[in-house]
2 protein chains.
Amino acid sequence: MESTFSDKQKIILDVAQQLFADQGFAGTSVRDIAREADVNIAMISYYFGSKEKLLEAIFKRHAEVVRLRLESIIHNAALSPVQKVEHLVDHYIEKYFSKQNFHRLIMREQLSTKESPIASMLAEMKTQNMNLIKQLIAEGQKKGNFRKNIDIPLMMATMLGTTNQLMTTQAFYRQVNNLQSMSDEDFLKHLRKKLSHHLKSLFKAILTHEAQNTK
Amino acid sequence: MESTFSDKQKIILDVAQQLFADQGFAGTSVRDIAREADVNIAMISYYFGSKEKLLEAIFKRHAEVVRLRLESIIHNAALSPVQKVEHLVDHYIEKYFSKQNFHRLIMREQLSTKESPIASMLAEMKTQNMNLIKQLIAEGQKKGNFRKNIDIPLMMATMLGTTNQLMTTQAFYRQVNNLQSMSDEDFLKHLRKKLSHHLKSLFKAILTHEAQNTK
DNA sequence: GTTTAATTCAAACGTTTGTTTAATTTTGTG
DNA sequence: CACAAAATTAAACAAACGTTTGAATTAAAC
């Protein structure tokens with residue numbers, strides 16, 4: 001990768017990522033970023049060309065990290081296919097919960113219908129991840145653990161979609177289940193556990209031959 | 001409901017809904033709306049107070065329609081609980097696919113973390129729908145069709161989340177499955193069918209005692 | 001027909017936006 | 001030190017934004 005950023009550039013990237021995540025891309029001005037990063041307004045254009053290309057740089061940096069982590073799970077010879085799927089679920093939940101706002105930002109960009117460098121970058125990233133998971137499924141089928149005719153994109157949609165949806169409506173989930181007395185931290189722990197179990201049992205039902213367990 | 005809009009107000013609401021859906025709220029200017037609706041810019045403030053209250057009015061109008069349709073399914077005495085769930089799935093898919101852009105708009109608003117009249121309105125809407133579905137699940141449990149200890153919010157998150165996710169990444173789904181030669185119409189039909197089957201078998205696995213069928 | 005209220009309009013208001021300029025300072029190199 | 005390149009700055013730019021104004025027009029009420 002040709003991505004070698006100076007310390008100052010990294011600060012701008014970090015600050016912008018946080019602000020974009022919290023307030024959205026349109027909702028964040030370059031002046032906000034400059035103020036928070038303690039640099040002159042002109043530095044953003046100077047270093048990155050434009051506000052939009054700054055976002056592009058942020059996503060590029062993120063994509064690299066995701067790909068590496070995913071590969072390390074898939075290629076871990078010590079794990080069975082079922083274990084890999086479970087690791088995948090837990091890893092994704094962990095990643096998503098620890099950077100909620102950033103994933104909100106990605107969601108927002110995906111919602112945009114317009115063709116853009118960013119949209120095509122996200123698509124490419126998705127394809128890479130999908131190919132890795134395809135390997136994993138194929139391995140499971142070869143070993144006889146998984147059934148044939150698995151619609152991987154649908155399965156992915158359920159994992160990502162359910163997690164996204166639950167995240168965006170977590171306050172609602174808390175209210176419905178009368179969990180207001182819990183601390184924020186405890187609630188998130190509880191939510192993650194529930195979601196993890198839910199997704200794993202769903203995937204067991206989709207992927208394997210046996211019915212999923214009741215708790 | 002006190003919502004009685006003049007013809008001109010309805011035109012503004014329709015046009016604004018379309019534009020907000022296509023370009024987002026921040027991405028649509030009141031000048032865009034005025035031009036498309038063929039009214040003076042000042043009319044939007046005059047009738048609705050502000051751009052934000054205009055969006056509020058659009059969501060209020062939408063919520064009413066959704067509630068009525070949901071009630072008609074839940075209270076249909078001719079259907080069994082399982083059938084009702086299947087109707088629910090198909091109805092939601094139908095609703096979502098026929099107004100994709102509008103649901104993208106709702107998603108975008110849900111992604112916003114800020115407290116706002118619109119956020120609380122969406123939350124209230126969600127609670128209403130949830131209570132209706134709770135009735136449906138309780139009916140199924142009483143009749144012995146559904147198992148106990150069903151996490152309804154999690155189930156809803158899977159339905160809404162999977163549909164949303166698949167919708168926002170449909171171009172990707174098409175590419176991965178080599179369906180570019182299909183017409184747009186045929187592809188959407190295909191996608192709906194796949195999604196419907198996927199969700200129904202997931203729900204069978206979640207709700208009932210038997211394992212779901214393979215195709 | 002007269003009066004009062006509701007509607008419509010072009011224009012302007014005051015901000016805020018992303019980006020650029022041109023001058024200045026800092027840094028690196030020989 | 002001297003010179004060139006890079007970095008940084010305050011200021012200005014033009015464009016777009018949501019909203020308001022005050023006059024002009026239409027509709028409604030009596």
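In what follows, chains carry the letters A, B, and so on, assigned in the order in which the sequence lines appear, proteins first and then strands, with residues in each chain numbered from 1.
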Any side-chain donor paired with an acceptor under 3.5 Å for [X] and [Y]?
{"X": "H103(A)", "Y": "T163(A)", "value": "no"}
{"X": "S196(A)", "Y": "K200(A)", "value": "yes"}
{"X": "T127(B)", "Y": "E124(B)", "value": "no"}

Heavy atoms under 4.0 Å, any strand shown: does [X] hit a base, just sugar-phosphate, or nothing?
{"X": "S45(B)", "answer": "base"}
{"X": "T28(A)", "answer": "sugar-phosphate"}
{"X": "I41(A)", "answer": "base"}
{"X": "Y47(B)", "answer": "sugar-phosphate"}

Is the shortest distance from a Lys or Arg side-chain nitrogen in [X] or [Y] to a carboxylate oxygen in the other one below 4.0 Å?
{"X": "R174(B)", "Y": "D184(B)", "result": "yes"}
{"X": "K60(B)", "Y": "E64(B)", "result": "no"}
{"X": "R67(A)", "Y": "E71(A)", "result": "yes"}
{"X": "D32(B)", "Y": "R35(B)", "result": "yes"}
{"X": "R61(B)", "Y": "D14(B)", "result": "yes"}

For [X] and [N], what is the distance between atoms [atom1] and [atom2] respectively, to the nearest whole Å?
{"X": "K8(A)", "N": "dT27(C)", "atom1": "NZ", "atom2": "C1'", "result": "12 Å"}
{"X": "K53(A)", "N": "dG18(C)", "atom1": "NZ", "atom2": "P", "result": "16 Å"}
{"X": "R35(A)", "N": "dG18(C)", "atom1": "CZ", "atom2": "P", "result": "12 Å"}
{"X": "L19(A)", "N": "dG18(C)", "atom1": "CG", "atom2": "P", "result": "12 Å"}

From the 5' end of DNA chain D to its 3' end, which nucleotides mark the outer limits of contact with chain B, defined by a 4.0 Å heavy-atom distance cut-off (strictly under)?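 Footprint of chain B along DNA chain D, 5' to 3': dC17(D) to dT21(D).
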Mapping G27(A) and A42(A) to their closest nucleotides on DNA chain C, which lands nearer the 5' end?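 Result: G27(A).
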Taking only the side-chain heavy atoms of N40(B) (C-beta and beyond), determine which of dG18(C), dT21(C), dC9(C) contains the nearest atom.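 For the N40(B) side chain, the nearest candidate turns out to be dC9(C).
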Fit a plane to each ring of H190(B) and Y173(B), take the angle between them on a 0 to 90° scale, and name the class: parallel (under 30°), tilted (30 to 60°) or perpendicular (over 60°).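 Tilted: the ring planes of H190(B) and Y173(B) meet at 30° to 60°.
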Taking OP1 and OP2 of dT7(C), is either one under 4.0 Å from a side-chain nitrogen or oxygen of Y46(B)?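 Indeed, a polar side-chain atom of Y46(B) lies that close.
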Please work out the stems of DNA chain D from pairs that are Watson-Crick or G-U wobble with both distances under 3.5 Å, keeping only runs of three or more consecutive pairs.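 The stems that DNA chain D takes part in, listed by first number, are C:1-27 with D:4-30.
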